[in-house]
Student: 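The structure is given below, and queries will be raised subsequently.
Note on naming: letters A, B, ... go to the chains in the order of the sequence lines (proteins, then strands), and numbering restarts at 1 for each one.
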Amino acid sequence: MKYDPQHIETKWQEIWEKGNHFHCEADAAKPKYYCLEMFPYPSGNIHMGHVRNYSIGDVIARFKRMQGFNVLHPMGWDAFGLPAENAAIKHNVHPAKWTHANIDNMRLQLKRLGYSYDWRREVATCIPEYYRWEQLFFIKFMEKGLIYRKKAPQNWCPSCHTVLANEQVVDGLCWRCDSVVEQKDLTQWFVRITNYAEELLADLSMLEKGWPERVLSMQKNWIGKSIGAEIVFPLEDGADAITVFTTRQDTVFGAMFMSLAPEHPLVEKLIDGKPQAEDVRQFVHRIRNMDRIARTSDTLEKEGIFTGAYCVNPFTGVKMPIWVANFVLAEYGTGAVMAVPAHDQRDFEFAAKYRLPVKVVIQPENETLQPETMVQAYDGPGTLVDSGEFSGLSNEEAKRRIADWLERNHKGRRTVNWRLRDWNISRQRYWGAPIPVVYCDECGVVPEKPENLPIILPLDVKTHPDGRSPLPDTPAFYECRCPKCGKKARRETDTMDTFVESSWYFMRYTDAGIDTAPFNEKALKYWMPVDQYIGGVEHAILHLLYSRFFVKALRDIGYADLAEPFSNLLTQGMVLKDGAKMSKSKGNTVEPSEMISKYGADTVRLFCLFAAPPERDFDWTESGIEGAFRFVSRVWRLVTELQPGIRAMEPCSASADTADALGPKGKELRLKEHATVKKATDDITSRFQFNTAIAAVMELVNALYLVKDEFQKSAAGRELLSSAVSTTLTVLSPFTPHLCEELWQSIGGGAMLLNASWPTFDEKALVRDEVEIVLQVNGKVRGKLLVPAGETDKKNLEALALADANVGRHTVGLTVRKVIAIPGKLVNVVAN
RNA sequence: GCGAGAGUGGCGGAAUUGGUAGACGCACUGGACUUAGGAUCCAGCGGUUAUAUCCCGUGCGGGUUCAACUCCCGCCUCUCGCACCA
């Protein structure tokens, strides 16, 4: 019978669906396992990256099920977002229609791959039944002070017609369309994620075992904690003061001038009436109008201009000229930097350029720095000099003492600065969840009442060709009544960033149907946290940071008693073709649907898992998938050929006596069978090394091919073959489930493999009668020797080694100094 | 610059606590079967060599050890993240 994957696969997919085989329910009596893959954006078609992601997840889910866990394995759609709108504009179809059509299409594609999802739990974030709860969270966060409105310069993408979060600006470009991001003053809604900076950083320690080092370090960098101090420098005339943030308060005696960001609010006041006022204004204007890339480029030359004003160093009393400098960032710290040329490279270069004085206040251990001979700043440790009462202290000790002094004398304080900024969630686009807030002339900014939710995104709007949101032109939407006073009011027309939806969808899966609350408390408690999360590393900061924040914030408004959402994280590598990432723009994509029609879902799944370990990138090759197809067909031929004589049985259940009756080859096959189970179990459990687990099964199949003709002829042989084939199919079933179910059934397997227990092996079956001992002379392999497995006597092993002819040849003329015998492994003869 | 990861045949990749480097697959070569083979089955396949049980070989240079892809020290290269962060 010919292997026909299309027929087999659709047959089993129907059986699984009709029998509800992947449905799961919370059951306190059973250990749970929540296996989650990052849900896709419904862009139209499943791509190879999805296939890889979801194949990894499906193997884990099926494996855990076989191990007896109650497995939650859901799927849904991250359905709001810009591409839907853009496609809608391009094809003149409503974003909702486009999105739902894509979802329907992609759902079919996922089903065609045989993934074991509980489809009853499917969520689509664009439906009111989902986003109503997010609107509720918004209101509750607002009550808690976790959401606020602020006017500030924002990242504006002119092509997408919307603001972007800091996390969505990559190298000064929009993360979606690569347009240069502009700064625009706008009043926006912010989530106070910085309130959780400390906790988001500290709790990374809970993830050290389960998350990749790389992701942890990226999150840590992004949060960016700097411990230091604020120091107040009064202006010369005493009228005002400049506060700086520094991590090097120990160098304050060396602060010789002050650098302000061009945007610093004091600049205009400082130059007022000064002769250089106009020049400074021009400089500020020029710098502020530079685009973000040019301005933050590391090749940008340091430039500045003197304001004509001075401030006073509170420690030395020295008059410090105040400069405006292009490298000082308005948004970090206080937008003002005390310049210590001797101990900061940027200040050093700046001082050199503008001939500003340099004063050394920290001397390293083994040399004495002189300002005249320094070619670069010294930023290492050392002893304080010329620093008043602090001279002679180590710089670390001085940091503490100077901070104490600041606090005692009210000239500053210890403080911590974060790189993390609050999360701007306002988007000036249509296809998103409406922000549930109303602007009332009487009452001001008023959140909606929870009982008025959901605020439904109107579907009968006409999208603008340029991408602007139609909501501000839709009176039926924005005209409303104030929830407080009942008078006419105007509804907020910005929508929420789609990352809000994806920050809690994993909790909604635990009971996706509940319509009286966002979560079913019991189900949430049972299923969360996610035991294994799988997705691309491109979400290492954005989605994972927001989700971690959300769980903590929801906990604090009483929704989930949970610290972290994802206990373990697997970041799969990219799918490459010809060495480059598969992408439409490069034109090097491979369509999963075409591959499925050509080779079948089992082969596609197998190849994705076999070609490389999950965390690494993998290069799609035509010959590679053909190799996978060859193996799948080889299993098919093996079982169909043996089928008349063998039967489905418990894996690894043929007895040692049965194997012995077939001689050494029988013993060897039984050993291989048990060893395969051991290796596959270890590889999957400890490191998700699917490639080596599959390789182990390939070895077993190769072994079966070598003995099948001979073993078929005897009853004992058929018994042993039955066991080994049963083991093969069971172990392979999470990878190529359709093939295995079909073959299992063909040899009389009663129940389905997906409900079978993961096989166990017998340690005793792994013991050989004779083991091969490696003979070495001075660490080099000089021969091999078969000895009885029970031979553990070192003296005997040594004697055997020394008696070996080859060992003898390599020790001629040498004196044997030592013999090291490791029973079961090797004997090393040391001679010189 | 800071942080993380990686470097092994022609290629993808194996090698559990230091103990036979190159499992498994791809590509290639040979054989069998065949009217045919781009199907299938069997075998070979790091370099060097006429062959070998010789010699060389896991980015480079040292070291520890009876023994190092593995541990230590010092470098080089690549990938990713952050970055005039004060």
Student: Calculate the interatomic distance between E331(A) atom CD and A83(B) atom C1'; express it in whole Å.
Tutor: 13 Å
Student: Without decimals, in angstroms, what is the distance between L570(A) CG and G5(B) C1'?
Tutor: 15 Å
Student: Taking 4.0 Å as the cut-off, does a side-chain nitrogen or oxygen of K784(A) come that near to OP1 or OP2 on U20(B)?
Tutor: no
Student: Parallel under 30°, tilted from 30 to 60°, perpendicular over 60°: which one fits the rings of F618(A) and W620(A)?
Tutor: tilted
Student: Under 4.0 Å from OP1 or OP2 of C54(B): is there any side-chain N or O of R782(A) that close?
Tutor: yes
Student: How would you label the contact of P212(A) with the nucleic acid (heavy atoms, under 4.0 Å): base, sugar-phosphate, or nothing?
Tutor: nothing
Student: Is G5(B) in the syn range, within 90° of 0, or in the anti range?
Tutor: anti
Student: Across the strands shown, which category fits V830(A) at heavy-atom distances under 4.0 angstrom: base, sugar-phosphate, nothing?
Tutor: sugar-phosphate
Student: For the residue pair T194(A) / D422(A), report whether a side-chain donor-acceptor contact shorter than 3.5 Å exists.
Tutor: yes
Student: Choose from C54(B), G3(B), U20(B) the nucleotide whose nearest atom is closest to any side-chain atom of S217(A).
Tutor: G3(B)
Student: With a 3.5 Å cut-off and heavy atoms only, can you find an N or O donor on one side and an acceptor on the other between the side chain of K302(A) and the base of C84(B)?
Tutor: yes
Student: Across the strands shown, which category fits R346(A) at heavy-atom distances under 4.0 angstrom: base, sugar-phosphate, nothing?
Tutor: base
Student: What contact category does V537(A) fall into here, base, sugar-phosphate, or nothing, at under 4.0 angstrom with non-hydrogen atoms?
Tutor: nothing
Student: Does the U20(B) base have a donor-acceptor partner in the side chain of Q776(A) within less than 3.5 Å?
Tutor: no
Student: When the distance from CG of L826(A) to P of A21(B) is rounded to whole Å, what number comes out?
Tutor: 10 Å
Student: Rounded to the nearest angstrom, tell me the gap between atom CZ in F629(A) and atom P in G25(B).
Tutor: 17 Å
Student: Could you please name the option among C56(B), C42(B), A15(B) that lies closest to any side-chain atom of K780(A)?
Tutor: C56(B)
Student: L700(A) has an atom CG; how far is it from atom C1' of G25(B), in whole Å?
Tutor: 16 Å
Student: Nearest to the V781(A) side chain among G13(B), U20(B), A86(B), which nucleotide is it?
Tutor: U20(B)
Student: Just call it for D619(A): base, sugar-phosphate, or nothing, with non-hydrogen atoms closer than 4.0 Å on any strand.
Tutor: nothing
Student: Pick the P atom in G5(B) and in C72(B), then give their distance to the nearest Å.
Tutor: 13 Å
Student: In terms of ring plane angle, is the pair W175(A) and F499(A) parallel, tilted or perpendicular, where the classes change at 30° and 60°?
Tutor: tilted
Student: Please classify the nucleic acid contact of G624(A) as base, sugar-phosphate, or nothing, using heavy-atom distances under 4.0 Å.
Tutor: nothing
Student: Can you measure I694(A) atom CD1 to A14(B) atom P for me and round it to whole angstrom units?
Tutor: 12 Å
Student: Taking the minimum atom-to-atom distance to the side chain of R419(A), which one of A27(B), A23(B), A83(B) wins?
Tutor: A83(B)
Student: Where the side chain of T246(A) is defined as all heavy atoms beyond and including C-beta, which of A86(B), C24(B), A43(B) is the nearest nucleotide?
Tutor: A86(B)
Student: What's the OH-C1' distance between Y332(A) and A86(B), to the nearest Å?
Tutor: 7 Å
Student: Given atom CD of E626(A) and atom C1' of G12(B), what is their separation to the nearest angstrom?
Tutor: 16 Å
Student: For the residue pair N702(A) and R634(A), confirm or rule out a side-chain donor-acceptor distance under 3.5 Å.
Tutor: yes
Student: Looking only at the side chain of R616(A) (C-beta and beyond, no hydrogens), which of the listed nucleotides G7(B), U20(B), A23(B) gets closest?
Tutor: G7(B)
Student: Picking from A15(B), A86(B), A27(B), which would you name as closest to the side chain of R630(A)?
Tutor: A27(B)
Student: Please work out if L216(A) contacts a base, only the sugar-phosphate, or nothing of the nucleic acid, heavy-atom cut-off 4.0 Å.
Tutor: nothing
Student: Select one nucleotide: of A15(B), A4(B), A86(B), the one nearest the side-chain heavy atoms of Q689(A).
Tutor: A15(B)
Student: Under 4.0 angstrom, heavy atoms only, what part of the nucleic acid is Q345(A) near: base, sugar-phosphate, or nothing?
Tutor: nothing
Student: Examine A86(B): is either OP1 or OP2 under 4.0 Å from a nitrogen or oxygen in the side chain of H343(A)? Give yes or no.
Tutor: no
Student: To the side chain of E772(A), which of U20(B), C82(B), C42(B) is closest?
Tutor: U20(B)
Student: For nucleotides A50(B) and U35(B), find the distance between their C1' atoms and express it as a whole number of Å.
Tutor: 40 Å
Student: Measure distances between side-chain N and O atoms of N221(A) and base N and O atoms of C82(B), and say whether any donor-acceptor pair falls under 3.5 Å.
Tutor: no
Student: Between Y705(A) and C42(B), is there a contact of a side-chain N or O with OP1 or OP2 at under 4.0 Å?
Tutor: no
Student: Does either side chain, that of S226(A) or that of Y332(A), offer a donor lying less than 3.5 Å from an acceptor on the other one?
Tutor: yes
Student: When the ring centroid of Y354(A) is compared with that of F257(A), is the distance short of 6.0 Å?
Tutor: no
Student: State whether R634(A) places a side-chain N or O below 4.0 Å from either non-bridging phosphate oxygen (OP1 or OP2) of G25(B).
Tutor: no
Student: Using a heavy-atom cut-off of 4.0 Å across all strands, would you classify N417(A) as base, sugar-phosphate, or nothing?
Tutor: nothing
Student: Write down the distance separating the C1' atoms in U70(B) and A21(B), rounded off to the nearest Å.
Tutor: 11 Å
Student: Looking only at side-chain N and O atoms, does S633(A) come under 4.0 Å of OP1 or OP2 in U40(B)?
Tutor: no
Student: Considering every strand and a 4.0 Å limit on heavy-atom distances, what is the contact class for N702(A): base, sugar-phosphate, or nothing?
Tutor: sugar-phosphate
Student: Side chain of E699(A) only, heavy atoms from C-beta on: which candidate in A23(B), A86(B), G25(B) is closest?
Tutor: A23(B)
Student: Assign R421(A) to base, sugar-phosphate, or nothing according to its heavy-atom contacts below 4.0 angstrom with the strands shown.
Tutor: nothing
Student: On a whole-Å scale, what distance lies between the P atoms belonging to U58(B) and C69(B)?
Tutor: 7 Å
Student: Whenever both distances are under 3.5 Å in a Watson-Crick or G-U wobble pair, mark it; put RNA chain B into dot-bracket that way, with [ ] for crossing pairs and | when the partner is on another strand.
Tutor: (((((((..(((......[....))).(((((.......))))).((.......))..(((((..]....))))))))))))....
Student: If I pick the P atom on G10(B) and the same atom on G57(B), what distance separates them, to the nearest angstrom?
Tutor: 16 Å
Student: Say we look at A36(B) and A27(B): how far apart would their C1' atoms be, to the nearest angstrom?
Tutor: 24 Å
